[in-house]
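A quick write-up on the structure given underneath.
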Amino acid sequence: MTEIRLHNSRTRRKEPFAPIDAENVRMYVCGPTVYDRAHLGNARPVVVFDVLYRLLRHVYGEAHVTYVRNFTDVDDKINARARAMQEAGDARSLNDIIRALTDETIDWYHADMDALGALRPDHEPRATEFIVQMVAMIEGLIAKGHAYAAEGHVLFDVRSYPDYGKLSGRSVDDMIAGARVEVAPYKRDPMDFVLWKPSSAEEPGWDSPWGRGRPGWHIECSAMSHELLGPAFDIHGGGIDLQFPHHENEIAQSCCAHPEADFANFWLHNEMVQVEGKKMSKSLGNFFTVRDLLDQGWPGEVIRFVMLSTHYRKPMDWTEEKAREASEKLRSYARVLLTSHLSFTESNFALYRKHEAYKPDSSVVAALSDDLNSHLAITHVDALVKRAKAGDTLATNSLLGSLMLLGFFEDLASIARFGGPEATLMDEYPFEELASRLSLLRKGAMQNKDFTAVDDLKRALLEAGVEVRMSKTDVSLSPGPNFDPAKLEELK
RNA sequence: GGCGAGUUGGCGGAGUGGUUACGCAGCGGAUUGCAAAUCCGUGUACAGGAGUUCGAUUCUCCUACUCGCCUCCA
């Protein structure tokens, strides 16, 4: 079996990955707080851990991997957004607005992440559906002396957990020394964090032993991962910015609630997406959403490809240059596949997905197995492309399998988008007629050596954004990325 | 202030204690009526300094710079 090696943030080194139970490899990834469109930074972990999910499924079998990614649908940012909507004239109750807002945002998230070719996780729990488990976990923490109630709040006592700070490499004392926040008077220690807090009458709230309130942010991941994956599981992922305090707090809660287990074995953190050298984030306001890019005409595959061109533990800049390059790469891949011995129909796709003959190349699997070296994997894909162009059918087969492992070209629409004309466009516009016209003009020109008419038509086609390919015998026309139907009309 | 990550050719971006990816762009050539596509050829870079070593871009230390976390954040 392929050995997977992953960089474990816990130990700060690459380690061989061995699942607790190879029959059920379990991974938890922190998902979004749902009050707004996902920006490109939110998309990075989705793509990164989607590749890991696919790799694990490839190595351990599709039925032997469980992937959980949560939706945080109770949070002060959501409340604030809902209040703003109310002030802007929305007549509904705060809770109704919140429900509608979170539902809608989840739908958007699904649509946008689907466009990036990310598989849906096996479970996508919403925090509000696990309040009972959170309350139970908090009660357990109080009973064990790791948490205390004060003024309607429940706080985690960081001094009760000696390993607090280990994941992010900091000590409680250092943090207090450098603390920038005002300390709430009811905290025993400045670093103690909230497990439960009181809600006002109109805010979302649930009855609890400490009064009507709502959970703190961190407890949901501890409660949901325990409920869905058990007290100990294999991989916990998320953005590096979550390492502290979120993941540190999760560890404290989970390990204190279930001291017999070790919580997550491997901690994986992706680096940030940057814009002009600065982290893309809501608070800096320098973000753009996945939807923005899709609306600008960048296919999801291009965004995915750009993401995979940089190793997940390095900062990544989004640039148009990279997007263009990714687009060209995908076009060349698709062209190679479409002109190969493979034929692309719905039923064949089903075969290609399952059949041994179309499995990914071992070099690609090996690259991904080495701490998800997706860029090296793409390099190996390029090598396969070279062999495929030379007519190597085995290389062509594993090129397809390799691209599918990376999450590309899993359906006809996707491969058609890059490799050839959109069927609908081809039917709608007179490409065939224009092609034969150009072909006839050329035939005549070859004899009388006057190419002006040919060149004029070709230039007009190019100006309309049509791709013109002339081989010795054929003329082939297809709409390019800048296809402008209006200009084509003028040629009639 | 504390903690952590990084600095590779024109650009992007892997990797390695010695033979130096890969892609894009560029240049030269083949092919083509001209193009496109395709093919062939072409580029000796690893922030600076010191050390370890027969030998360092790769290991150690220092310096500079960049970035992240320490506050909601993917």
Side-chain angles (χ1 to χ4, degrees), chain A residues 9 12 29-33 35 38-49 69 72 75-77 80 165 167-171 173-182 191 217 237-248 269-274 277-284 287 306 308-317 319 321-322 324-326 328-329 331-332 335-336 339 367 370 373-383 385-386 389-390 442-443 445-452 454-455 458-459 461-462 466-472 475-478 480:
Chain A
S9 301
R12 292 162 211 287
V29 174
C30 292
T33 301
Y35 65 105
H39 68 253
L40 197 63
N42 296 303
R44 192 169 188 192
V46 173
V47 172
V48 164
F49 293 107
R69 187 182 60 212
T72 300
D75 183 275
D76 290 350
K77 289 192 295 293
L167 176 74
S168 49
R170 43 189 100 200
S171 77
D173 292 323
D174 284 348
M175 286 188 282
I176 291 168
R180 297 187 207 162
V181 237
E182 239 177 276
M191 296 313 293
W217 172 38
I240 185 71
D241 55 339
L242 296 184
Q243 191 181 40
F244 188 90
H246 184 54
H247 291 160
E248 200 70 71
H269 291 104
N270 63 275
E271 254 293 347
M272 301 289 97
V273 170
Q274 302 192 335
K278 293 281 182 202
K279 172 181 152 180
M280 175 180 287
S281 74
K282 288 268 167 71
S283 48
L284 291 176
F287 67 96
V306 170
L308 297 183
S309 312
T310 301
H311 186 89
Y312 77 96
R313 282 193 292 110
K314 289 206 167 176
M316 189 208 86
D317 250 311
T319 62
E321 176 77 27
K322 284 185 187 175
R324 266 195 300 276
E325 200 172 307
E328 280 308 310
K329 280 276 191 97
R331 288 159 74 84
S332 80
R335 229 166 2 229
V336 170
T339 55
D370 183 12
N373 195 337
S374 51
H375 188 275
L376 190 61
I378 290 171
T379 300
H380 292 312
V381 164
D382 287 334
V385 167
K386 206 161 199 174
K389 277 180 184 166
R442 182 173 64 158
K443 203 179 271 179
M446 297 285 258
Q447 315 233 310
N448 62 28
K449 302 294 172 200
D450 177 9
F451 288 92
T452 43
V454 188
D455 286 340
K458 199 176 80 177
R459 194 179 317 111
L461 287 166
L462 290 172
V466 176
E467 296 199 354
V468 180
R469 279 184 286 275
M470 296 199 217
S471 70
K472 272 191 175 133
V475 171
S476 129
L477 301 180
S478 58

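Each chain gets a letter, A, B and so on, in the order its sequence line appears, and its residues count up from 1.
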Could you check which of B:A36, B:U38, B:A74 has an atom nearest any side-chain atom of A:R469?
B:A36
Rounded to whole Å, please give me the gap between NZ in A:K314 and P in B:G12.
12 Å
Rounded to whole Å, please give me the gap between NZ in A:K77 and P in B:U71.
15 Å
May I ask you to say what A:E328 touches in the nucleic acid, namely base, sugar-phosphate or nothing, with a heavy-atom cut-off under 4.0 Å?
nothing
Strand partner of B:C11, provided both Watson-Crick or wobble distances fall under 3.5 Å
B:G23
Need one value for A:G165: base, sugar-phosphate or nothing, where a base atom within 4.0 Å counts as base even if backbone is also close, heavy atoms only.
nothing
Classify A:S309 by what it touches in the nucleic acid, base, sugar-phosphate, or nothing, heavy-atom distance under 4.0 Å.
sugar-phosphate
Spell out yes or no: do the side chain of A:D455 and the base of B:G33 have one donor N/O and one acceptor N/O closer than 3.5 Å?
yes
Is any side-chain heavy atom of A:F451 closer than 4.5 Å to a side-chain heavy atom of A:M446?
yes
Nearest whole Å is fine: how far is B:A14 P from A:L308 CG?
12 Å
Sugar-phosphate, base or nothing in reach of A:S332, heavy atoms under 4.0 Å:
nothing
Need one value for A:H39: base, sugar-phosphate or nothing, where a base atom within 4.0 Å counts as base even if backbone is also close, heavy atoms only.
base
Re B:U16: Watson-Crick or G-U wobble partner, both distances kept under 3.5 Å, found to be none
Which residue, A:T452 or A:Y312, contacts RNA chain B at a nucleotide closer to its 5' end, judged by nearest heavy atom?
A:Y312
Same-atom distance (P) from B:G15 to B:A21, integer angstrom
15 Å
Look at A:K449 and B:G33 and indicate whether a side-chain polar atom (N or O) is within less than 4.0 Å of OP1 or OP2.
no
Determine the interatomic distance between C1' on B:U31 and the same-named atom on B:C39; round to the nearest Å.
8 Å
Interatomic distance at P, B:U8 relative to B:G13, whole Å
9 Å
Taking the side chain as every heavy atom from C-beta outward, state whether A:L308 and A:H375 have any atom pair closer than 4.5 Å.
no
Separation of atom CG in A:D241 from atom P in B:C70, rounded to whole Å:
8 Å
Row check, A:Y312 ring normal vs A:R44 NZ/CZ: under 6.0 Å, within 45°
no
Any A:K279 side-chain nitrogen or oxygen under 4.0 Å from OP1 or OP2 of B:A74:
no
Could you give the distance separating B:U7 and B:U63 at their C1' atoms, to the nearest angstrom?
13 Å
Gap separating the NE2 atom of A:H311 from the CG atom of A:D370, nearest 0.5 angstrom:
8.0 Å
Applying a 3.5 Å limit to both distances, which nucleotide forms a Watson-Crick or G-U wobble pair with B:C3?
B:G68
Salt bridge A:D241-A:K279, side-chain N to carboxylate O under 4.0 Å:
yes
Are side-chain heavy atoms of A:R442 and A:M470 found at a separation under 4.5 Å?
yes
Is there a Watson-Crick or G-U wobble partner for B:A56 with both distances under 3.5 Å, and if so, which one is it?
none
Figure out the CD/P separation between A:Q243 and B:G4, and round it to whole Å.
11 Å
Taking only N and O in the side chain of A:K282, is any of them less than 4.0 Å away from OP1 or OP2 of B:A74?
no
Do A:R324 and A:E321 sit within salt-bridge range, that is, some charged N less than 4.0 Å from a carboxylate O?
yes
Does a nitrogen or oxygen in the side chain of A:K458 sit under 4.0 Å from OP1 or OP2 of B:A36?
no
Given the P atoms of B:G12 and B:C67, what is the spacing between them in whole Å?
16 Å
Nucleotide N/O to protein N/O under 3.5 Å, stretch nucleotides 22-32 of chain B:
| from | atom 1 | to | atom 2 | distance (Å) |
| --- | --- | --- | --- | --- |
| B:G23 | O2' | A:K329 | NZ | 3.3 |

Minimal heavy-atom distance between A:K322 and A:D317, with the atoms involved, is NZ-O, 2.8 Å
Mind checking A:G41 for me? I need base, sugar-phosphate or nothing, with any heavy atom below 4.0 Å counting as a touch.
base
How long is the straight-line distance from CE of A:M272 back to NZ of A:K314, given to the nearest 0.5 Å?
16.0 Å
Separation of A:K278 atom NZ from B:U66 atom P, in whole Å?
9 Å
For residues A:E271 and A:T310, determine if any side-chain heavy atom of one lies less than 4.5 Å from a side-chain heavy atom of the other.
no
Report which part of the nucleic acid A:F451 touches: base, sugar-phosphate, or nothing (heavy-atom distance under 4.0 Å, all strands).
base
As a quick check of understanding, evaluate side chain to side chain contact (heavy atoms under 4.5 Å, CB included) for A:M280 and A:L40, giving each step before the final call.
CA-CA 8 Å; A:M280 175 180 287; A:L40 197 63; 3.6 Å; yes
Would you indicate, yes or no, if B:G13 has its OP1 or OP2 atom less than 4.0 angstrom from a side-chain nitrogen or oxygen of A:T310?
yes
Please work out if A:V273 contacts a base, only the sugar-phosphate, or nothing of the nucleic acid, heavy-atom cut-off 4.0 Å.
base
Let me spell it out: for each of A:V454 and A:G31, pick the nucleotide of RNA chain B with the closest heavy atom. Which residue's pick is nearer the 5' end?
A:V454
How long is the line joining CG of A:L242 and P of B:U71, in whole Å?
14 Å
Rounding to an integer number of Å, can you tell me how far A:N373 CG sits from B:A14 P?
7 Å
B:A47 and B:A56: how far apart are their P atoms, nearest whole angstrom?
15 Å
Can you tell me, in whole Å, how much space there is between the P of B:A64 and that of B:G26?
41 Å
Answer for the Watson-Crick or wobble partner of B:U38, both distances under 3.5 Å, is B:A30
Distance between the P atoms of B:G6 and B:C59, in whole angstroms?
10 Å
